[in-house]
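Structure first, then comments.
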Amino acid sequence: MQEDGVNVQENYTYISDKKRAGRLGALNIFLSIIIVLLLIALIIFTTTITSIKVRGESMMPNLVDGDRLVLLKRGYTLEYGDIVVFHREQDEDAAVKRIIAKGGDVISFDKEALKWVRNGEYVEEDAYFNGEYSESYFSSMLFELQGNGLTIPEGHLFVLGDNRNMPGSYVSKDSHMYGSLSEDTVLGKVIHIIN
């Protein structure tokens, strides 16, 4: 090309087709990996972890109305003191309670000491329960629990609400009233509390 009588050579910067294809291929691989990771995270979140909102006062003061619970739905082991969410046959709503006894345990209540007895030893509840009981709590208690005790069948749990001193006639609807529940009704184990 000539400008004002002077030959000017034009230089172009370009990316070869091989380089362009290599960069586009790397970008496609990167985006594919991101999409796969997002899909895996979505699958894990929807099948393994969920959340539920607390309604009611039966777990106060440890859980209050409006708290959000993060549940592990699979791959957990249940231990004494764990909080679980389960589907109660009597209600449409899920319930939140604490595990006091498991399959094979014998559970009873010592009314003089005001303590639960599991397999002949007092249940240590100081970390989550203040030790006060309302009179209405005892009137709703299963007869076996105030005597020799109740043997929990294998694959079942004995669960209680933390708030056992509610005023009036309202008491936590838990195993002290209806006995053990099947582990099959457990929706998940609480792994985190969001206040």
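The analysis underlying the following values was restricted to heavy atoms, covering all of them including side chains, and did not include hydrogens, waters or symmetry mates. For this chain, numbers begin at 1 and follow the sequence in order.
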Side chains of [X] and [Y]: does their closest heavy-atom pair fall under 4.5 Å?
X      : Y      : result
Val54  : Val64  : no
Asp162 : Met60  : no
Leu157 : Ile152 : no
Trp116 : Leu160 : yes
Tyr80  : Asp82  : no
Arg98  : Ile83  : yes
Val190 : Val70  : no
Met177 : Met141 : no

May I ask whether [X] and [Y] are part of the same hydrophobic cluster, defined by side-chain heavy atoms of I, L, V, M, F, W, Y residues being less than 4.5 angstrom apart, directly or through others?
X      : Y      : value
Val159 : Val186 : yes
Ile35  : Leu27  : no
Leu31  : Leu39  : no
Val85  : Leu72  : no
Val84  : Leu71  : no

If you measure only the distance, is there a donor-acceptor pair under 3.5 Å linking the side chains of Lys97 and Ser58?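 Looking only at side-chain atoms, Ser58 and Lys97 do form a donor-acceptor pair, the distance falling under 3.5 Å.
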Rounded to the nearest 0.5 Å, what's the gap from [atom1] on [X] to [atom2] on [Y]? Could you check?
X      : Y      : atom1 : atom2 : value
Leu63  : Lys53  : CG    : NZ    : 14.0 Å
Glu183 : His156 : CD    : NE2   : 8.5 Å
Ile191 : Ile49  : CD1   : CD1   : 5.0 Å
Met59  : Ile193 : CE    : CD1   : 8.0 Å
Asp174 : Ser180 : CG    : OG    : 12.5 Å
Ile100 : Phe129 : CD1   : CZ    : 9.5 Å

Pair Arg164 + Glu125, salt bridge at N-O below 4.0 Å: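 Result for this pair is yes, salt bridge flagged.
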Salt bridge or not between Lys115 and Asp110? Use side-chain N to carboxylate O under 4.0 Å.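 Not counted as a salt bridge, because no side-chain N and carboxylate O are separated by less than 4.0 Å.
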Any donor-acceptor pair under 3.5 Å linking the side chain of [X] with the backbone of [Y]?
X      : Y      : answer
Lys102 : Glu79  : no
Asn62  : Tyr128 : yes
Asn119 : Val106 : yes

Does Leu145 form a side-chain contact (heavy atoms from CB on, under 4.5 Å) with Phe158? I'd like the steps, not just the answer. CA-CA 11 Å; Leu145 295 171; Phe158 188 88; 3.9 Å; yes
Does the ring of Tyr178 carry Lys173 above it, NZ/CZ under 6.0 angstrom from centre and within 45° of its axis?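 Ring-cation test returns no.
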Between Tyr133 and Phe109, ring centroids under 6.0 Å: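 Yes, the ring centres sit under 6.0 Å apart.
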May I have the step-by-step check of side-chain contact (heavy atoms from CB on, under 4.5 Å) for Val123 and Val117, ending in yes or no? CA-CA 6 Å; Val123 176; Val117 180; over 6 Å; no
Could you tell me whether Arg68 atom CZ has more than 12 heavy atoms of other residues or ligands within 6.0 Å of it?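 Count over threshold, so yes.
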Inspect the surroundings of CG in Asn148 and state if more than 12 heavy atoms from other residues, nucleotides or ligands are less than 6.0 Å away.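 No, the 6.0 Å shell around CG holds no more than 12 heavy atoms from other groups.
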side-chain contact (heavy atoms from CB on, under 4.5 Å) between Phe30 and Asn28: does it pass, once the steps are laid out? CA-CA 5 Å; Phe30 177 74; Asn28 284 339; over 6 Å; no
Indicate the atoms forming the closest heavy-atom contact of Leu187 with Lys73, along with that distance.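 For Leu187 versus Lys73, the nearest heavy atoms are O-CG, 3.7 Å.
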Minimum heavy-atom separation for Thr185 to Ser182, with atom names?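 Taking every non-hydrogen atom into account, OG1-O, 2.7 Å.
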